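This structure is a prediction, so every number in the text was calculated from the model and none was measured.
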Amino acid sequence: MLVTLSLAAFAFVTTELLPVGLLTHMAADLDRSRSQVGLLVSGYAVVVVLASVPLARLTRRIPRRHLLGGTMTLFAAANATAALAHTYAMLAGARLVTAVAQALFWSIATATVIGPFPLAVRGRVVALFGAGVTLAPVLGVPLGTWIGQQAGWRASFAALAGIGLVIATAVLVLVPTYPPEAGGAARGTAPDGRRFAVLLTATALGVGGFMTLQTYIAPFLLDVSGFTDAALTPLLFTAGVAAVVGTLLSSRTLDARPIASLLTALSIGTAALFGMYGLGVLRPGAVAFLAGLGLAYAAFASAVQNRMLHLAPGSTDIASAGVSTAFNVGIAGGSLLGGVLLPTSGARTLALVGALLTLAALLLLSQDARTPGRSDRRQKASTSATPRP
């Protein structure tokens, strides 16, 4: 089940980002501008933001196997429609449906995949589940782009539709049928509404900081670091490999040190962003800090999901939907902020602004870690109330 749902995450993220790799081909074929095709990615994120929590509430009583199987079937149907689309409107409609499926998937997948495992190893399972997300930009998008270049962009979406059907079948066979409230990770282990709200705020700030630069990392590497176009692919691959390393490293620390894992990932990301601003003009420095960004972002994503399983004040499905919303707010907000700053301030400034945002997230979480939470107060009250001999 873990492998199946990790592959599902891989398929969703690949689908979300695929138009970036096929931008030129899709724009020419559909007689649209590149910016209009780019809206297929940003609009996708907006739909996920708006739909995640409402869908989680509407479907909270449906057994996980049926809901995930239906979600993957919807994913396959939407990608098949995209493969058959001969107009921009038809393609945009198919993308909207896929975004709805993704919003629902991220609302329920984490708790479903974690539920059968003992509490002591859940952090490791979260990181392994997140490997699918990490590998999508490294393998999924380049492979989808290559298929599109060889056989036309529609072939890439057709391939994803086939993958979706295979995953849907595997889900219906492997995922156990049980009511959502009966799952082993249906509730947080240390529920705390205040701390969960802080986590969501820090997530949006942190992801926004990463994405302020990462969305426009190509102009930075070309204009600031002085790399050539031919160097971009190996550089981005280096960042992707570092992200895989970050996922694997976080799997070793999430269970024993969940808060430290979160703060360490943000600290590395903040240092890498400041490093890009200060030393990104030097090519060796740019490569090192680019790898640091990839490692930190992947580790941060896993740490946030793991922390959500601790702090969820109610259903972890609703909490996971909130985390998905925070992530996509950060993605959309960081991309928008970078797009506004790039023409006026240049690519180098994006690294500084991104670093300030991740630093704000780091300070917020650091302060929260020093403040006693609800479970800490309950434990203290219980200890003080225990009669002494």
Side-chain angles (χ1 to χ4, degrees), residues 1-18 21 48 68 71-72 75 102 105-118 120-145 159-160 163-164 166-168 170-171 174-175 185 203 206-207 210-211 214 236-258 261-262 264-266 268-269 290-309 316 320 323-324 327-328 331:
M1 184 178 71
L2 172 60
V3 174
T4 298
L5 293 183
S6 183
L7 287 173
F10 173 87
F12 269 114
V13 176
T14 298
T15 299
E16 181 176 5
L17 300 178
L18 188 57
V48 174
L68 280 168
T71 299
M72 293 311 303
F75 169 88
Q102 178 163 323
F105 174 81
W106 283 114
S107 299
I108 59 178
T110 302
T112 301
V113 78
I114 299 304
F117 292 90
V121 299
R122 284 184 181 173
R124 187 178 306 173
V125 176
V126 167
L128 295 176
F129 170 60
V133 178
T134 304
L135 288 172
V138 182
L139 297 177
V141 174
L143 181 59
T145 300
L160 285 165
I163 292 171
V166 172
I167 294 174
V171 165
L174 298 174
V175 176
T203 299
V207 173
F210 281 112
M211 295 308 296
Q214 286 185 327
L236 296 179
F237 181 76
T238 298
V241 171
V244 174
V245 173
T247 299
L248 295 176
L249 290 176
S250 67
S251 71
R252 296 177 173 271
T253 63
L254 288 177
D255 292 307
R257 300 179 179 84
S261 299
L262 193 62
T264 299
L266 269 179
I268 293 172
L290 180 64
L293 284 175
L295 184 150
Y297 185 74
F300 178 65
S302 295
V304 168
Q305 289 289 342
N306 183 61
R307 190 64 175 148
M308 177 275 294
L309 292 169
T316 50
S320 185
V323 168
S324 177
F327 259 91
N328 281 277
I331 291 169

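- Here the closest heavy-atom approach between residue S324 and residue V48 is recorded as OG-CG1, 3.6 Å.
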Can you check side-chain contact (heavy atoms from CB on, under 4.5 Å) on F327 and W106, steps first, answer last?
-> CA-CA 11 Å; F327 259 91; W106 283 114; over 6 Å; no
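- Note that CG of L139 is 8.5 Å distant from OG1 of T14, once rounded to the nearest 0.5 Å.
- Between Q102 and V13, the closest heavy-atom pair is OE1-N, 4.5 Å.
- Interatomic distance, I163 CD1 to M72 CE, rounded to the nearest 0.5 Å: 9.5 Å.
- Contacts of A239 classified as side-chain contact (heavy atoms from CB on, under 4.5 Å), with partners at least two apart in sequence or in another chain: L290.
- Taking each heavy atom of A303 and L254 in turn, the nearest pair found is CA-CD2, 3.7 Å.
- At least one side-chain heavy atom of L18 sits less than 4.5 Å from a side-chain heavy atom of L160.
- In this view, T253 and S261 satisfy the side-chain contact (heavy atoms from CB on, under 4.5 Å) rule, not counting sequence neighbours.
- Put simply, the side chain of F210 does not reach to within 4.5 Å of the side chain of I331, judged on heavy atoms.
- S251 meets the side-chain contact (heavy atoms from CB on, under 4.5 Å) test with R124, A127; sequence neighbours excluded.
- Contact detail for T316 and M308: the closest heavy-atom pair is O-SD, 3.9 Å.
- Looking at residues two or more places apart in sequence or on another chain, you find a side-chain contact (heavy atoms from CB on, under 4.5 Å) between I268 and T264, L295, A296.
- Within the 4.5 Å cutoff, no side-chain heavy atoms of T203 are placed close to those of R307.
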For residues 128-135, tabulate all N or O donor-acceptor pairs below 3.5 Å that involve a side-chain atom, not counting sequence neighbours.
{"unit_1": "T134", "atom_1": "OG1", "unit_2": "G130", "atom_2": "O", "d": "3.2"}
{"unit_1": "T134", "atom_1": "OG1", "unit_2": "T247", "atom_2": "OG1", "d": "2.9"}

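- In this view, F12 and F75, F105 satisfy the ring-ring contact (aromatic ring centres under 6.0 Å, His included) rule, not counting sequence neighbours.
- Residue L174 holds its CG atom at 11.5 Å from CD1 of I167, rounded to the nearest 0.5 Å.
- Looking only at side-chain heavy atoms (C-beta outward), V171 and L5 come within less than 4.5 Å of each other.
- Remark: side-chain polar atoms of S107 are not paired, donor with acceptor, to backbone N or O of S320 under 3.5 angstrom.
- Not counting sequence neighbours, Q214 has no partner by the side-chain hydrogen bond (donor to acceptor under 3.5 Å, both in side chains) test.
- No donor-acceptor pair under 3.5 Å is formed between the side chain of S6 and the backbone N or O of L2.
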